[in-house]
Amino acid sequence: MGHSEGEMILEFRHVGKSFPGVKALDDISFGVRRGTIHCLIGENGAGKSTLMKVINGMYKLDEGEILFEGKPWTPKSSAQARTQGIAMIHQELNIIPEMTIVQNMYLGKEILKKGLVVNDRAMRQEAEEYLRQQGLHYPLNRKMKDISLAEAQMIEIIKAISCGARIILMDEPTSSLTEKEVQFLIDKIFELKEKGITIIYISHKMEEVFKLADYVSIFRDGKHIVTGVREEFTRASIIEKMVGREMKEIYPPRNAKVGEVLLKVENLSRKGVFENISFEVRSGEILGVSGLVGAGRTEIARSLIGLDPKDSGDVWCDGKKLEIRSINDSIKNGIAMISEDRRRYGLVLLRDVEENVSMVALKHKFDKKVIPLKRERALVQEMIDDFAIKTPSFETEVKTLSGGNQQKVVLAKWMAVNPKVLIMDEPTRGIDVGTKYEIYKMMNRLTDAGMAIIMIDSDMDELLGMSDRVLIIRRGEIAGELSREEAVPNVVMDLAVGG
Amino acid sequence: MNNKQTKEKILAFYNKYGIIIILVGLLIICSILSPVFLSKENIVNLLSQIAVVTILTCGITLLIIAGQTDLSGGSIVALTGCVCVGTFKQLSEGGMGDWPAGILAVLSAIAIGMALNFVSGVIITKFKAPAFIVTLAMMQAGRGICYIYTGGTPIYKIGNIVKLGQGRIRGVLPYSVIIMFLCIAVTWFILKKMRLGRHIYAVGGNVESAVASGISMQWTIIKTYLIHGVFVGIAGALFMTRINSGQPAEAVGLEFDAITAAIIGGASLSGGIGSVYGSIIGSVIIGVITNILTLKSVQSYYQMIITGVIIVLAVILDIVTKGKKE
């Protein structure tokens with residue numbers, strides 16, 4: 001490495017971290033130099049955020065070690081990391097909206113008079129001094145909820161500096177800022193650098209990376225691919241290294257007989273979230289939907305099926321124009337959605353397999369106020385067999401099942417009402433490899449039977465392995481559509497990241 | 001089998017049968033402590049004592065499972081009870097027969113119970129207001145309406161409707177106990193056999209998931225309050241006819257007895273978990289403890305302390321057995 005701004009302030013040596021079924025960090029070794037801006041780049045799930053959380057003390061390492069200023073770094077919490085010199089600015093800020101700026105800044109480290117009474121004046125004066133040093137003039141008695149996100153972020157940064165942070169971690173800090181606010185933040189980051197503070201920065205946005213970075217580290221599938229000075233990279237070479245992978249998993253062959261258009265969406269818009277979304281899905285087809293986290297993929301699906309409001313747009317299913325005002329209108333017309341967050345939107349974890357599987361069917365299949373218990377049990381049995389759900393009994397609480405079996409329960413719940421169009425949001429997230437394959441086969445079986453599947457997927461392998469066609473969403477708009485042949489990782493990523 | 005599995009099995013066993021074991025143990029202790037405890041007269045007496053609270057417990061159980069609560073139960077029991085005996089008195093003084101007047105009186109009690117709970121339910125769902133606050137307000141308002149209705153003075157000479165609360169079949173089994181069992185059966189049917197029951201569990205267990213499955217959160221909760229309103233009406237009618245007068249200042253804190261019963265019975269205040277079976281046994285346990293303390297002539301002030309201790313013990317037991325897994 002050519003640059004020699006300073007010695008290594010942070011060093012990773014064979015760092016590893018596993019979660020059930022996933023190796024989130026795999027033998028990571030690289031260093032961060034003092035006083036530099038170091039950008040971490042990678043696809044969703046490449047391990048960047050996990051690495052941040054490890055540095056920050058939110059996760060404990062499984063393997064390897066981290067050296068901070070030459071000494072082993074093992075913080076037990078993010079609070080401890082902060083007091084010892086590494087502070088993180090979160091994507092979602094940790095603030096208490098009902099308290100004032102000063103109160104938030106001194107949360108947990110209030111200045112006390114005689115160790116007993118909160119000394120508001122001292123805190124105020126000190127806070128004003130910090131703000132003045134940064135050239136900022138915020139009304140310190142205003143409540144946190146009344147200031148903008150960019151201002152709140154500045155406060156977080158000032159908080160970090162006031163604690164004596166030598167390293168500041170930023171995880172996609174610009175994701176919800178306006179252009180002007182982004183520029184302000186970038187200026188601030190350069191000022192911090194001049195003061196000798198090291199910045200580790202995660203971003204998906206290429207332009208920011210090229211504006212800011214001294215060093216770039218690229219991650220893929222939990223592995224560290226390369227670290228180098230920014231000048232060594234081009235946009236194309238970064239993308240290539242982000243996606244350049246061998247296909248690890250094998251997918252069951254797709255030989256879909258694509259038929260009539262089943263679902264047609266025209267000019268679907270929701271102000272500030274997504275705009276002019278139009279597409280079609282045909283019977284027997286899997287339409288993959290790609291895009292970065294936050295591009296609006298899930299939001300489009302939720303508005304489409306009536307879980308969230310929409311401003312405009314028409315939906316046709318099976319040739320019929322639909323008036324979708326609530327999720328029930330979708331279900332009635334044969335559109336179902338499996339959420340990316342099954343614990344939150346897919347299951348009632350406290351209840352048993354039977355109740356979860358028949359949750360939609362009670363209303364939309366049987367349609368009786370008194371449950372036809374025999375028919376219900378027969379249906380649940382059929383679904384358990386059909387989807388090979390491994391459960392000790394009907395009465396087993398869903399929360400005790402494995403992730404894969406939980407996902408099958410969600411799938412069974414919707415299949416019980418025979419939808420024509422199925423939206424699957426991250427269909428195999430948090431599932432072991434074996435069950436993933438089972439789910440792929442189920443998807444093939446369903447499309448063979450004439451169903452149309454819309455698959456929102458952040459896993460490039462899976463997306464390209466299963467989709468017949470790929471739609472790419474960028475910042476709430478359709479950035480492109482690719483056939484199975486055209487859809488190769490570089491092209492998809494290129495469209496998703498944009499210029 | 002390793003240690004952890006054994007422990008889990010014990011926990012599972014406790015979650016299923018623990019409460020009935022506690023009740024049986026309690027019954028054995030009580031029968032040793034007092035020779036009259038197991039007498040037919042005392043058992044019938046005990047059942048009629050717990051009838052009103054148990055009926056209220058039925059409704060509260062549904063609400064707690066749905067992730068809601070009701071603090072206005074006691075106030076509205078007083079109101080519906082006074083309305084019941086008041087209506088009967090008026091109608092029979094106007095020359096109406098006992099049966100039609102009695103039926104109209106009970107129906108008016110039920111109607112008022114439903115109406116006020118409907119208001120609570122609508123406010124809670126429409127404005128996403130916490131049930132705790134809304135029903136706390138209703139507790140005050142309900143008591144106020146009750147005082148206005150009665151003019152602040154008890155209603156005496158209520159006539160033959162007293163038979164509802166005090167009458168017995170063949171001089172043995174009180175009507176109130178039979179009505180209590182009917183209410184329990186209805187609640188069981190709703191929870192076990194009806195779609196609404198499933199929706200109540202789903203909404204209480206995970207409202208976002210329920211809504212994403214096409215279940216109407218609003219209607220499920222409002223319907224639950226309406227059913228609870230029916231039980232409150234019935235409980236009021238039984239309460240006031242049992243004491244042979246319309247007492248506007250009575251039935252204070254009844255809702256807490258019902259909530260306690262549901263919690264002892266394993267219902268989770270965060271919703272999604274609970275059963276009629278558990279709640280009823282919870283109610284019986286409280287009844288048995290009160291009964292034995294009375295039999296042993298323990299002052300009612302001490303009884304209150306003991307009830308307080310029991311609630312805390314039940315909650316700790318619940319957390320220890322259920323919450324550990326996470």
Side-chain angles (χ1 to χ4, degrees), chain A residues 301-302 305-308 326-333 335-352 354-373 376 392 395-400 406 409-410 413-414 416-417 419 423 425, chain B residues 4-5 8-9 11-13 15-16 64-67 185-186 188-220 223 226-227 266-275 277-278 318 321-326:
Chain A
R302 284 179 62 90
I305 64 160
L307 275 178
D308 286 344
S326 78
I327 175 76
N328 280 310
D329 297 325
S330 295
I331 302 173
K332 252 178 258 158
N333 287 293
I335 309 174
M337 174 171 176
I338 296 181
S339 160
E340 63 184 321
D341 190 344
R342 63 176 161 269
R343 299 170 68 86
R344 183 163 169 198
Y345 293 111
L347 298 165
V348 181
L349 290 167
L350 297 170
R351 306 308 303 173
D352 64 27
E354 178 174 5
E355 287 181 27
N356 273 285
V357 168
S358 65
M359 193 175 289
V360 182
L362 289 188
K363 187 161 169 185
H364 291 278
K365 189 183 180 89
F366 303 134
D367 196 21
K368 291 208 163 61
K369 291 215 182 300
V370 177
I371 303 167
L373 288 168
E376 189 203 14
E395 288 81 27
T396 305
E397 285 171 21
V398 171
K399 71 173 173 192
T400 63
Q406 287 184 352
V409 169
V410 181
K413 170 173 96 170
W414 289 108
V417 291
I423 303 173
D425 195 354
Chain B
K4 202 177 155 201
Q5 272 175 323
E8 291 217 332
K9 282 217 163 169
L11 280 183
F13 183 80
N15 280 333
K16 232 175 176 174
I64 288 181
I65 293 172
V186 167
W188 175 83
F189 188 80
I190 291 169
L191 282 178
K192 281 280 179 186
K193 303 282 178 183
M194 287 185 70
R195 191 170 74 192
L196 176 64
R198 292 291 178 80
H199 288 186
I200 289 172
Y201 277 115
V203 166
N206 182 352
V207 68
E208 286 177 315
S209 207
V211 169
S213 301
I215 295 170
S216 165
M217 179 269 285
Q218 286 92 341
W219 273 114
T220 306
K223 279 181 195 167
L226 283 172
I227 295 165
S268 157
L269 277 181
S270 41
I273 297 178
S275 66
Y277 147 84
D318 185 60
T321 52
K322 288 211 187 88
K324 267 264 173 77
K325 278 177 205 162
E326 296 299 311

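Numbered from 1 within each chain, the chains take letters A, B, ... in sequence-line order. These values consider heavy atoms only, across backbone and side chains, with no hydrogens, waters or symmetry-generated copies.
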Which heavy atom in A:Leu350 sits nearest to a heavy atom in B:Ile273, and how many Å separate them?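 It is CD2-CD1, 3.8 Å.
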
| said: Can you give me the closest heavy-atom contact between A:Gly346 and B:Ser209, atom names plus distance? | reply: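 Taking every non-hydrogen atom into account, C-OG, 2.9 Å.
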
So how far is it from [X] [atom1] to [Y] [atom2], rounded to the nearest 0.5 Å?
X: B:Ser216; Y: A:Asn328; atom1: OG; atom2: CG; value: 8.0 Å
X: B:Ser213; Y: A:Leu347; atom1: OG; atom2: CG; value: 8.5 Å
X: A:Glu355; Y: B:His199; atom1: CD; atom2: NE2; value: 10.5 Å

*asked:* As a quick check of understanding, evaluate side-chain contact (heavy atoms from CB on, under 4.5 Å) for B:Met194 and A:Val370, giving each step before the final call.
replied: CA-CA 4 Å; B:Met194 287 185 70; A:Val370 177; 4.2 Å; yes

Which atoms of [X] come close to chain B, meaning under 4.5 Å heavy atom to heavy atom: side chain ones, backbone ones, both, or neither?
X: A:Leu362; result: both
X: A:Lys413; result: side chain
X: A:Leu373; result: side chain
X: A:Ser358; result: side chain
X: A:Asp367; result: both

Exercise. Taking A:Arg351 for its side chain and B:Gly272 for its backbone only, find out whether a donor-acceptor pair lies under 3.5 Å.
Key: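 Yes; judged by distance alone, with no hydrogens or angles, the pair exists.
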
Worksheet item: Is the backbone N or O of A:Arg344 less than 3.5 Å from a side-chain atom of B:Asn206, with the two atoms forming a donor-acceptor pair by type?
Response: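 Such a contact is found between B:Asn206 side chain and A:Arg344 backbone.
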
(Q) Below 4.5 Å, heavy-atom pairs only: which of B:Gly271, B:Gly214, B:Gly204, B:Ala202 has the largest tally toward chain A? (A)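 It is B:Gly214.
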
Which is it for B:Arg198 and A:Glu354 under the side-chain contact (heavy atoms from CB on, under 4.5 Å) test, yes or no, and what are the steps along the way?
CA-CA 11 Å; B:Arg198 292 291 178 80; A:Glu354 178 174 5; 4.1 Å; yes

*For A:Lys363 and B:Ile215, run side-chain contact (heavy atoms from CB on, under 4.5 Å): C-alpha distance rounded to whole Å, both residues' side-chain angles, the deciding distance at 0.1 Å, then the answer.*
CA-CA 8 Å; A:Lys363 187 161 169 185; B:Ile215 295 170; 5.7 Å; no

